[in-house]
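Indexing begins at 1, ligand by ligand and atom by atom, following the structure's order. Predicted, not measured: the structure shown is a model, and the values here were computed from it.
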Amino acid sequence: MSKPSVLVARAVFPEVLARLAEHFEVSDNQADATWSADELSARLAGRQGVFTTASERIDAALLARCPDLKIAANMAVGYNNFDLDAMSARGVLATNAPDVLTETTADFGFALLMATARRIAESEHYLRAGQWTKWSYDLFAGSDVHGATLGILGMGRIGQGIAKRGAHGFGMNVIYHNRSRLTPELEAECKARYVSKDELLQQADHLVLVLPYSPASHHAIGAAELAQMKPTATLINIARGGIVDDAALAAALKAKRIAAAGLDVFEGEPSVHPELLRVPNVVLTPHIASASVPTRLAMANLAADNLIGYLVHGKPLTPLNAAALNA
Ligand code: DGY
């Protein structure tokens, strides 16, 4: 019997490709070319599986051109690149890569918070530019992290990881807002107190965004929300572009309406709002929160395991729409 055929839409670890090749006819993109939606659907025609990252969109238009597709396995925990309803309607399974990146992403959220609060990037640029001539009492004086109020919007596994780092490592007062409240046991473990979104915005010294993107969370932080924050506050976004209104944030940073921001994700990335590139009080990183070598390998292996699990054994590990497919 011939092997099922899968497309790996982006460059990936060679050892993961080798694992896939044990089970499938594999077409890869080790040159990491950027494919249009048309190119992606053309390359996917006749194949049963696709290995995606958060950059490849799987929607009704693509599915209509790929009637043989049975599964799209995302090498990302976020899956706003998938139109789940369209996939379910076509009988295509969607899987993501949860859990394996939780601690690494929480580490990065905390690193970005510290870099932003303590102005590490801005001061490094100053030093490299040869501008440092003497010590002075207020040179790059920022805000404290220890003992401050840490606000978390979105309290899934990554949010909880950040809460624990803040509460247990830095003695922070942790508050959070989420669609649903944590159990008392989890709140105690995270030492986190549930508050309304308004209270979160008004009380946080450092506000970290970790909520999934959906039409409901589009511009969850815009001009009105930024206006509620303390002028000394920092805002950290490691969730998804589009959750923050980047134009409104750039204006707030320029006007010092809030003190600083740390951003790993952007509206329309890899483009970055030109005003964000101009203001000094923002730390910008290129969507790397989960990017430690072991974690990226674990994410890729989980996406591969989902392809193998479903197409070879009929049992995916981390399905998103299995119930809809079985309905
Ligand atoms: C994720 O896993 O969702 C990260 O943002 C990488 O895309």
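Close approach of ligand 1 to Ala54 is summarised as follows: ligand atoms under 4.0 Å from at least one heavy atom of the residue are 7 (O). Taking every non-hydrogen atom of Met299 and a distance limit under 4.0 Å, the qualifying atoms of ligand 1 come out as 2 (O).
By the criterion of a heavy-atom distance under 4.0 Å, the side chain of Arg240, and not its backbone, is placed next to ligand 1. Looking at Ala76 against ligand 1, both its backbone and its side chain come within 4.0 Å, counting heavy atoms. Only the side chain of Leu101 comes within 4.0 Å of ligand 1, counting heavy atoms alone; its backbone N, CA, C and O stay farther away.
The shortest contact between atom 2 (O) of ligand 1 and any protein heavy atom is with Val77 N, 2.7 Å. Of the protein's non-hydrogen atoms, His287 NE2, 3.6 Å is the one closest to atom 6 (C) of ligand 1.
In this structure, the separation between CZ on Arg43 and SG on Cys66 is 12.5 Å, given to the nearest 0.5 Å. The CD1 atom of Ile152 sits 11.5 Å away from the CD1 atom of Ile236 when rounded to the nearest 0.5 Å. A distance of 12.0 Å separates CG of Leu207 from CD of Gln202, quoted to the nearest 0.5 Å. Note: Leu200 CG to Ile175 CD1 = 5.0 Å, rounded to the nearest 0.5 Å.
Other residues, nucleotides and ligands place no more than 12 heavy atoms under 6.0 Å from the NZ atom of Lys256.
Checked for salt-bridge contact, Arg157 and Asp99 meet the test: a charged N lies under 4.0 Å from a carboxylate O.
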